[in-house]
Amino acid sequence: MQRRLTFPTALLLTVPPLMWAGNAVVGRLVKDAVPPMTLNLLRWSLALLILLPLGRAAFAAGSGALLHWRRYALLGLFGIGLYNSFQYLALQSSTPINVTLVAAGLPVWMMLVGRLFFGVPLRAWQAAGAALSIFGVLVVLSRGDWQQLAALRLVIGDLYMILATIAWSFYSWLLMQKKDVPALRADWAAFLLVQVLYGVLFSGAFTAVEWSVGAPRPISWSPAVWAALAFVALGPAVLAFRCWGAGVAKAGPAVGAFFVNLTPLFAALLSAAFLGEPPHLYHLLAFALIVGGIGVSAR
C-alpha cells in the first residue's frame with residue numbers, strides 16, 4: 001500500500017521531536033532544582049497516573065501482561081529506567097543541543113547492538129554510514145576541538161548520553177520482537193502502561209540509590225518545577241508516544257525517521273530561547289555528518 005505524507009500526518013510526526021527537544025531543555029532548566037534520578041521517577045509516576053484510566057485493557061484477562069512479565073520488565077528497564085535516567089544525568093553537565101545530537105546517532109548504535117546481540121547482519125553501506133555518524137558524534141564530544149578529544153577532556157554528560165542511546169537501542173530491538181498479544185500491542189495506552197509499571201519500579205530503585213549514596217540536594221519545589229513535571233509527564237511521555245504511533249501508522253517508519261532528525265534543530269531553537277545557549281558551527285557540522293551517515297546507511 002502506498003502511503004502519502006499529508007499535512008495532518010506531518011503535524012503528528014512533528015510533535016514528538018518537538019516534545020523530545022523540550023524534554024531536554026526542561027531537564028537542563030531544572031537540573032539544580034531536582035536530582036536527575038528523582039526527576040525521572042516523578043515524571044513517569046505522573047505519566048503512570050495519566051495512563052491508568054486510558055490503558056485499562058492492560059489488566060484484562062488474556063492481555064499477556066503477566067504471562068510475558070519478563071519482556072515488559074526489560075522494556076521498562078531499558079526504555080524508561082535506564083534511557084531517561086541517563087538522559088537527565090547527562091543534562092547535569094551537557095547542553096540540550098549536545099544531548100540531542102548524540103542521541104541522533106541512534107541508528108548507528110541500533111546497527112551495532114543488532115549485530116552483536118540480536119544476530120542482525122551488517123552490510124557494507126551500513127558500516128560506512130555508521131562510521132560517518134560516529135565521526136559526527138566525535139565532533140560533538142570534542143566541541144569541534146580535536147585536541148580535547150586527544151587529551152580526553154570530554155564532558156561526562158555526553159558520555160552518559162551515549163549510554164542512554166545504547167540502552168534505547170536494546171529497547172528498540174526488544175520492541176521489534178513480535179511476542180505480544182495482538183490486542184495489547186494494538187492498544188497504545190495499555191502497551192505503554194505495562195512498560196511504565198515496571199519502569200517506575202526500576203526508576204524508584206535508581207532514585208533510592210541516588211539518595212542513599214549520592215546524598216543529593218533536596219528538591220526545590222516551586223511553580224516552575226511543578227510546571228516542568230507536568231510537561232515532561234504529559235508531553236514527551238504520553239503525547240509524543242501517541243502522536244508518533246499514529247503518524248508512523250499513516251506515513252510509515254522510513255518517513256518518520258526523517259522527522260526524528262528535527263529533534264536537535266528544535267533543541268537548538270529552544271535552548272537559544274530559554275537557556276541562552278545558542279548553537280555553534282560545530283553543531284551544524286555534527287548534524288550534517290550524523291544525518292549524512294543515516295542517509296548512507298538507509299541505502
Side-chain angles (χ1 to χ4, degrees), residues 19-52 72-100 102-103 106 109 141 154-171 174 192-238 240-241 267 271 275 277:
M19 293 294 102
W20 295 330
N23 181 52
V25 171
V26 169
R28 181 72 169 175
L29 279 170
V30 301
K31 69 181 183 68
D32 295 324
V34 187
M37 304 297 174
T38 305
L39 176 60
N40 191 49
L41 175 61
L42 292 173
R43 169 194 177 180
W44 286 105
S45 296
L46 289 175
L48 177 62
L49 295 177
I50 296 171
L51 288 168
L52 279 173
Y72 299 121
L74 284 175
L75 289 172
L77 171 63
F78 286 112
I80 293 169
L82 289 175
Y83 175 78
N84 292 279
S85 293
F86 277 132
Q87 183 184 39
Y88 289 136
L89 198 58
L91 288 164
Q92 294 288 301
S93 56
S94 189
T95 66
I97 304 175
N98 276 35
V99 163
T100 52
V102 172
L106 173 65
W109 301 108
L141 295 179
L154 306 176
V155 175
I156 188 64
D158 296 338
L159 302 181
Y160 281 135
M161 198 59 212
I162 289 178
L163 293 177
T165 309
I166 293 172
W168 190 262
S169 299
F170 277 99
Y171 171 79
L174 289 170
L192 180 58
L193 176 59
V194 292
Q195 300 173 55
V196 172
L197 284 169
Y198 289 104
V200 166
L201 294 178
F202 285 115
S203 299
F206 298 155
T207 302
V209 172
E210 179 179 58
W211 283 85
S212 61
V213 176
R217 59 198 173 279
I219 301 175
S220 301
W221 293 107
S222 68
V225 168
W226 281 109
L229 288 174
F231 170 76
V232 296
L234 182 59
V238 178
F241 188 95
S271 295
L275 297 173
E277 297 176 351

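Positions are given from 1 along the sequence. Excluded from the calculations below are hydrogen atoms, water molecules and symmetry mates; all remaining heavy atoms, backbone and side chain alike, are included. Being a predicted model, the structure only gives us computed values, none of them experimental.
Counting only heavy atoms from C-beta outward, the side chains of Pro35 and Trp211 approach each other to under 4.5 Å.
Across all non-hydrogen atoms, the minimal contact from Val30 to Ala228 is CG1-CB, 3.7 Å. Across all their heavy atoms, Val196 and Leu51 have their closest contact at CG2-CD1, 3.9 Å. Considering all non-hydrogen atoms of both residues, Arg28 and Ser93 come closest at NH1-C, 3.6 Å. Closest approach of Pro96 to Ala24, counting heavy atoms only: CG-O, 3.7 Å. Scanning all heavy atoms of the two residues, the minimum distance from Gly81 to Ser203 falls at CA-OG, 3.9 Å. Of all heavy-atom pairs spanning Leu91 and Lys31, the tightest one is O-CD, 3.6 Å.
Taken from CG in Leu41 to CZ in Arg43, the straight-line distance is 12.0 Å, to the nearest 0.5 Å. Taken to the nearest 0.5 Å, the OH atom of Tyr198 stands 8.5 Å off from the CG atom of Leu201. A distance of 14.0 Å separates CE in Met37 from CZ in Phe202, rounded to the nearest 0.5 Å. Taking CD1 of Ile219 as the start and CG of Leu42 as the end, the distance is 5.5 Å to the nearest 0.5 Å. With values rounded to the nearest 0.5 angstrom, Leu192 atom CG is found 9.5 Å from Leu197 atom CG. In this structure, CD1 in Ile166 is found 9.0 Å from CZ in Phe86, a value given to the nearest 0.5 Å.
No side-chain donor-acceptor contact under 3.5 Å links Asn40 and Tyr83.
A donor-acceptor pair under 3.5 Å is formed between the side chain of Ser212 and the backbone N or O of Val209. Judged purely by atom type and a 3.5 angstrom limit, Gln87 has no side-chain atom pairing as donor or acceptor with the backbone of Ala164.
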Inset, instruction - Evaluate side chain to side chain contact (heavy atoms under 4.5 Å, CB included) for Leu74 paired with Phe170, printing each intermediate quantity in order. - result: CA-CA 9 Å; Leu74 284 175; Phe170 277 99; over 6 Å; no
Inset, instruction - Would you sort out whether Val200 and Ile80 count as a side chain to side chain contact (heavy atoms under 4.5 Å, CB included), showing the intermediate values? - result: CA-CA 8 Å; Val200 166; Ile80 293 169; 5.7 Å; no
Inset, instruction - Please lay out, stage by stage, how Trp221 and Leu229 fare under the test side chain to side chain contact (heavy atoms under 4.5 Å, CB included). - result: CA-CA 11 Å; Trp221 293 107; Leu229 288 174; 3.7 Å; yes
Inset, instruction - Take Tyr88 and Asn23, measure what side chain to side chain contact (heavy atoms under 4.5 Å, CB included) needs, and give me the verdict at the end. - result: CA-CA 9 Å; Tyr88 289 136; Asn23 181 52; 2.6 Å; yes
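Residues satisfying the ring pair (Phe, Tyr, Trp, His ring centres under 6.0 Å) criterion with Tyr171, sequence neighbours excluded, are Trp168.
Screening Ile97, Thr100, Asn98 for a side-chain contact (heavy atoms from CB on, under 4.5 Å) with Ser271, the sole residue that qualifies is Ile97.
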